[in-house]
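Have a look at the structure below before the remarks.
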Number of protein chains: 2
Amino acid sequence: MTNVAASPVSPASSAAPGEGHAPAVSAGPAETPLGFGVGARITAAVMADDFARILVETLSHLDESTLVRETGDVSTYVGGHEADLLRWLTDLGEALARTEHHVALTVHLSRGCPGEVDCELPGGAGPRRAEVPSRRRTGRFATAEWALYPLADQVTADGTAPDHMRDIYAAIDHARDLGTFRGSEHFVTRLEGDVGDVLATALAGWMLVGRGVQHVTSHLTLSLNSPSHEVRDLGQEAR
Amino acid sequence: MTNVAASPVSPASSAAPGEGHAPAVSAGPAETPLGFGVGARITAAVMADDFARILVETLSHLDESTLVRETGDVSTYVGGHEADLLRWLTDLGEALARTEHHVALTVHLSRGCPGEVDCELPGGAGPRRAEVPSRRRTGRFATAEWALYPLADQVTADGTAPDHMRDIYAAIDHARDLGTFRGSEHFVTRLEGDVGDVLATALAGWMLVGRGVQHVTSHLTLSLNSPSHEVRDLGQEAR
């Protein structure tokens, strides 16, 4: 049987015990970001006639020495350590905001299910614990909508079910601590604030839930320089 | 305890038995699209200097008489019957493609978890079965990346666990039938074809998995009129 656990059309719960998945990575995959499938797909839509030049120029100035990057026509994949991902995403968000063009930045985070057609990690390989990286403030404002999905709901090797709610409340509390939480709308949580804080909120929530669940994805859409945003003086908001 | 099951920072598995959720809708919520939380959030990023005029004009020509719509600065929410959603999305995708501008269209589908701050449907209210609506071909080409998430993994009222895999394979087979399936990349399934077929693939997969699972979300990003797309004669692809 084809294992489609890495495919988006499957939850990691498809990696059920006894389905005969052979782990394709060596012992301790949770210790290696790429072995654990830690990465993001981003789509940066610059709403300007010369979007291509602006995007290429913006990307060329980012330090991606610690990341794997593959560019496609729908999105760009970046893989690597969580702290490097947050740094790169914050640099990207700041650079896009500084163009002063209206930009829709879509960020799709995933952990715990690496591979191409097949998921190369069986259930129970994780979760992976990593320190939540520090945010970096940019002085640029964003509004955003955020969805966070704990998948891989199976009972762990020691027979206990993961406590999603504990981790989810931790993620919400973290968003409140960062000052980005604005409430819930249909299907999403509304975030607002410094681009760096908004990105850090999503990364942290994804990592905090990832302490109890192997396969966690998150989708964040940021709006930068929207004509409907009032002028915001982030300096006055800084605590 | 606040029920955050409707929040994106929660899986519907939070609607665990015994947590005391009071259903806020009358009997048979699965029969009512809005009662069941059937809807989408879309972000249409037109990569042109006059993006605002183009988007407003495009939206003004769509028939939304059968849908609820709320426009925000990050995305637009539409709620209603699955068939009306697909019709509206197909009209939108075609209209955006006909502008000849490069557009990134992000579609976030959700079912089984209505509400604002709180999820108003307890686990076990669904799943909702509905006929997969007919696709409409537009003559316009799109590439896309697709993620599909069955949530609400709890055992149903009759004590049986939902069979995700059966439904997921049905979704994949349906994508192959529509001719849009191109394989898997990191975290997503690659789709290509007529805008109408690509949207119908995502809608159908989401509905097919929704036959066995109450809470199902799906995220689709389409690229229209990409400079990296070769000229495609969709008429010759039509079967």
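Sequence lines set the chain letters: A, B, ... in the order given, protein chains first and strands last, and positions in each chain run from 1.
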Quick one: of B:T43, B:T217, B:L109, who has the most non-hydrogen atom pairs under 4.5 Å with chain A? B:T217

Between A:G39, A:A104, A:G72, which shows the greatest number of heavy-atom pairs under 4.5 Å with chain B? A:G39

Within a strict 4.5 Å, meaning less than it, do heavy atoms of the B:H186 and A:E70 side chains meet? yes

Are side-chain heavy atoms of B:F51 and A:H102 found at a separation under 4.5 Å? yes

Taking all non-hydrogen atoms of both residues, which atom of A:A40 and which atom of B:F187 are closest, and how far apart? N-CE1, 3.7 Å

With sequence neighbours left out, what residues match A:I54 under side chain to side chain contact (heavy atoms under 4.5 Å, CB included)? A:V46, A:A48, A:D50, A:T58, A:T99, A:H101

With A:D73, which residues qualify under side chain to side chain contact (heavy atoms under 4.5 Å, CB included), at least two apart? B:T143, B:R190, B:S226, B:S228, B:H229

Top contributor to chain A interface from B:S110, B:S223, B:G79 [non-hydrogen pairs under 4.5 Å]: B:S110

Answer with side chain, backbone, both or neither: which region of B:S75 has an atom nearer than 4.5 Å to a non-hydrogen atom of chain A? both

Side-chain touch A:L222/B:V74, heavy atoms, less than 4.5 angstrom: no

Check whether any side-chain heavy atom of A:R41 lies under 4.5 Å from a side-chain heavy atom of B:E145, and answer yes or no. yes

Which of parallel (below 30°), tilted (30 to 60°) and perpendicular (above 60°) describes A:Y149 and B:H219? perpendicular

Quick one: what part of A:A144 sits under 4.5 Å from any heavy atom of chain B, side chain, backbone, both or neither? backbone

Residue B:A52 versus chain A: region with a heavy atom under 4.5 Å: neither

Is it the side chain or the backbone of A:T221 that comes within 4.5 Å of chain B heavy atoms, both, or neither? both

Structural part of B:T106 lying under 4.5 Å from a heavy atom of chain A: side chain

